[in-house]
Amino acid sequence: ERGAETDAAIRAVLHSWKYEYTIAVEALQVAAVQVSTQGLHASTIQDLARPVALALHRGEIANLPAAALDALRKHQEKQRNMQIVEALKLMVSSLGHQELSSEVAAALRSRVCIAVEEGRAIQEAARAAVEEWLAVEEGICVAMRRELEACDACSDAERLMILEKLTPSAQKAACHGEDVEQAVKSVICKWKEERRSAEIKAAIDAALKESIALPVCRSGCRIRIVGVQGKKELNGAEGKVMQFNAVTGRWCVQVDGIVKQLALKPDNLEALAEIDGRMEDVPAQADAGQVLQEEVRLAVERGRDIADSARIVATRWCVLEAQVSSLVDVAAVERQVHLSAEVAKGLVSRIIESFWQSQQRARRAEDENEEQEGEAEINVEHEEDAQSISLDAAVTACLDEWSQGDRFAQQEAARIKAALEIAANAERLLLTDAARTTLQQRVELMLRRGEELDAAVSAALQEWHRLIVKRQVQQTVWDPSGNETRKITGVVRFMPFRHKGSDHFDYAMLVQVFEMLPFHH
């Protein structure tokens, strides 16, 4: 580029490289003397000189002797690590032990490196490290067996499987310097927690399937009145559930043959048949599953059975889901808003989760402050009133939050739509409905990233217009050879007219007309 001949430029570059490579070799030889490296082969010096010379050629080295010394020390460290690894493998094999895992091998290599730096021989340090680790492994196995024997629920076969599964985790903790007993206890505690969580989850899934299969009182279902003490003549009467009253905790029921609706407790209603559209998949959501598992876990910590606790919790969930669904429907009518099935399902799930978590927090606070057993009975008596008030507040808060978010989303969509129309008109672009939807989604995504509205709209329109232009045919020419479309070097040749039957005259006439047109000009 500077005007030099090619051959001269090549000779100059090679001469420069030869000089840089020569001084790199000399610097490495001096460094080898400084670190007292004996028996360093000339080929090794040459291999190390290439990367040093290349870095020197690129101008990445300011101090050549220091760079050569650093390269030589890295080479020595690499060679030492390879020798340590081979020594460890040899010691493990000689002691009749199976191959070490990568984490254990790395930990032992670090220990041998420290011992070698302190002046010990590699073979001696490797043997000491391997023997020490074998003693640690034996201690881990003994501690694991002792801890697992305390688990009465485990059989001998299960203990053996658990031992094989958990031993690597305990070894990993021991490699990081943790005490053997502490490492084993940590691994066992984690395993017990995971096992109990799995049992709780399985119990909840089974209980939910049973509860969902049973009829539950909800808005629109048919019921039979049972167990009424004040007006016993109502017992046996049938009717239709209208809605749930969160303040009183009762269902409003339209009894057959009675004009006035009655407010009855859930315990006095026996569901006969449910309406369609029950949200059976609500408890299967991740957040809801965590809430139910936490509730069962708290019950188990109080000494209750897992299956019974899961059955109680699942029943409460299904009953609560029906009540919240009714409350959401009533609130939507009062607010004059339309909720799709998907939106209603999400709101019900969020309300139940919020309410349930608040109840769990309150229950924990009561347990912490509880001094006498009688206090628990008093709390149970007032649980329904507290639940009703909290449930009503949870429904109101969740709907307010949703309404605010929906209003903001509508305003944002209107802003984006108006901005797209203005920008499209300014660019004289005609947008289809599908294009408007796609562009609006792209602009919304850009706004979430923090971009400005005008910049997002302009970028989205430019990208859309670029794709449209790219799809268009760059050049078209008339080709009467057939009724096919094929791409040849970027030019599409096509014959869009049919020439069968009565259309043959039109085809021939159009061929003659196009032959007379001055395309070449």
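As the structure is a computational prediction, the values presented were derived from the model and not from experiment.
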Enquirer: Got a sec: does the CG of Leu430 have more than 12 other heavy atoms crowding it under 6.0 Å?
Expert: no
Enquirer: Kindly say whether Ala394 contributes a backbone atom to a donor-acceptor pair with the side chain of Ser354 at under 3.5 angstrom?
Expert: no
Enquirer: For the side chain of Ser16 and the backbone of Ala12, is there at least one donor-acceptor N/O pair under 3.5 Å apart?
Expert: no
Enquirer: Do you know which two heavy atoms are closest between Trp402 and Val343, and how far apart they sit?
Expert: NE1-CG1, 3.4 Å
Enquirer: Closest heavy-atom contact between Ala424 and Leu461?
Expert: N-CD1, 3.7 Å
Enquirer: So which heavy atom on Glu321 is nearest to which on Ile352, and how close?
Expert: CA-CD1, 3.5 Å
Enquirer: Out of curiosity, Ser458 OG to Met446 CE, how far, rounded to the nearest 0.5 Å?
Expert: 9.5 Å
Enquirer: Should Glu199 and Arg195 count as an ion pair when the cut-off is N to O under 4.0 Å?
Expert: yes
Enquirer: Does the Arg224 side chain pair with the main chain of Leu269, one donor and one acceptor, at a distance under 3.5 Å?
Expert: no
Enquirer: Under the side chain to side chain contact (heavy atoms under 4.5 Å, CB included) criterion, do Glu295 and Leu292 qualify, and how do the steps go?
Expert: CA-CA 5 Å; Glu295 184 73 13; Leu292 298 182; 5.6 Å; no
Enquirer: Are more than 12 heavy atoms from other residues, nucleotides or ligands located less than 6.0 Å from atom CD of Glu342?
Expert: no
Enquirer: Roughly how far, to the nearest 0.5 Å, is CD1 of Ile10 from NE2 of His15?
Expert: 15.5 Å
Enquirer: Distance from Leu439 atom CG to Leu420 atom CG, nearest 0.5 Å?
Expert: 5.5 Å
Enquirer: Less than 4.5 Å apart, any side-chain heavy atom of Asn81 and any of Cys113?
Expert: yes
Enquirer: Stepwise, does the side chain to side chain contact (heavy atoms under 4.5 Å, CB included) test hold for Leu262 with Trp251?
Expert: CA-CA 8 Å; Leu262 302 180; Trp251 284 99; over 6 Å; no
Enquirer: So among Val330, Val348, Leu320, which one has a side chain to side chain contact (heavy atoms under 4.5 Å, CB included) with Ser325?
Expert: Val348
Enquirer: What closest approach, in Å, do Ala460 and Val443 show between heavy atoms, and which atom pair accounts for it?
Expert: CB-CG2, 3.9 Å
Enquirer: Strictly below 4.0 Å, N to O, side chains only: are Glu463 and Arg466 in salt-bridge contact?
Expert: yes
Enquirer: With a 4.5 Å limit on heavy-atom distance, are the side chains of Lys240 and Ile223 in contact?
Expert: no
Enquirer: Would you indicate whether the side-chain heavy atoms of Val328 and Ile351 approach each other to under 4.5 Å?
Expert: yes
Enquirer: Is any side-chain heavy atom of Val324 closer than 4.5 Å to a side-chain heavy atom of Phe244?
Expert: no
Enquirer: Could you tell me whether the side chain of Val52 reaches within less than 4.5 Å of the side chain of Leu64, counting heavy atoms only?
Expert: yes
Enquirer: Could you please spell out the steps behind the salt bridge (Lys or Arg N to Asp or Glu O under 4.0 Å) verdict for Arg11 and Asp7?
Expert: CA-CA 6 Å; Arg11 284 194 298 271; Asp7 294 340; 5.1 Å; no
Enquirer: Using salt bridge (Lys or Arg N to Asp or Glu O under 4.0 Å), reason through Glu412 and Arg415 one step at a time and then give a plain yes or no.
Expert: CA-CA 5 Å; Glu412 191 71 13; Arg415 288 179 58 229; 2.9 Å; yes
Enquirer: Minimum heavy-atom separation for Ala71 and Leu48, please, with both atom names.
Expert: O-CD2, 4.5 Å
Enquirer: What residues form a salt bridge (Lys or Arg N to Asp or Glu O under 4.0 Å) with Glu427, not counting sequence neighbours?
Expert: none
Enquirer: Which residue in the set Asp406, Asp400, Asp329 passes salt bridge (charged side-chain N to carboxylate O under 4.0 Å, His left out) when paired with Arg335?
Expert: Asp400
Enquirer: Look up atom SG in Cys398 and atom CD in Glu353, then write down how far apart they are to the nearest 0.5 Å.
Expert: 10.0 Å
Enquirer: For Lys74 and Asp70, what are the C-alpha separation, side-chain angles and deciding distance, and is it a salt bridge (Lys or Arg N to Asp or Glu O under 4.0 Å)?
Expert: CA-CA 6 Å; Lys74 288 182 178 178; Asp70 182 63; 3.4 Å; yes
Enquirer: Using the rule given for side-chain hydrogen bond (donor to acceptor under 3.5 Å, both in side chains), can you reason through Arg297 versus Ser309, listing the C-alpha separation, both sets of side-chain angles and the distance that settles it, and then say yes or no?
Expert: CA-CA 9 Å; Arg297 186 177 289 105; Ser309 301; over 6 Å; no
Enquirer: So, Ser326 side chain and Ala322 main chain: donor-acceptor pair closer than 3.5 Å or not?
Expert: no
Enquirer: Going through the distances and angles, do Asn245 and Leu327 end up as a side chain to side chain contact (heavy atoms under 4.5 Å, CB included)?
Expert: CA-CA 7 Å; Asn245 191 326; Leu327 292 174; over 6 Å; no
Enquirer: To the nearest 0.5 Å, what is the distance between CZ (Arg196) and CD1 (Ile306)?
Expert: 7.5 Å
Enquirer: Would Asp267 and Arg250 satisfy salt bridge (Lys or Arg N to Asp or Glu O under 4.0 Å), going step by step from the backbone distance to the final call?
Expert: CA-CA 9 Å; Asp267 295 338; Arg250 296 171 180 249; over 6 Å; no
Enquirer: If only atom types and distance count, is the side chain of Ser358 paired as donor or acceptor with the main-chain N or O of Phe355 below 3.5 Å?
Expert: yes
Enquirer: Evaluate the criterion side chain to side chain contact (heavy atoms under 4.5 Å, CB included) for residue pair Gln323 and Arg218; output intermediate values, then yes/no.
Expert: CA-CA 7 Å; Gln323 296 173 354; Arg218 61 177 57 246; over 6 Å; no
Enquirer: Taking the side chain as every heavy atom from C-beta outward, state whether His57 and Tyr21 have any pair of such atoms under 4.5 Å apart.
Expert: no
Enquirer: Do Leu445 and Gln441 come within less than 4.5 Å of each other through their side chains, counting heavy atoms only?
Expert: no
Enquirer: Could you tell me whether the side chain of Gln404 reaches within less than 4.5 Å of the side chain of Phe408, counting heavy atoms only?
Expert: no
Enquirer: Over all heavy atoms of both residues, which pair between Ala183 and Ala170 is shortest? Give the atoms and the distance, please.
Expert: CB-O, 4.1 Å
Enquirer: Is Lys201 salt-bridged to Asp205, going by a charged N under 4.0 Å from an acidic O?
Expert: yes
Enquirer: Using 0.5 Å steps for rounding, measure from the CD atom of Gln254 to the CE atom of Met242.
Expert: 6.5 Å
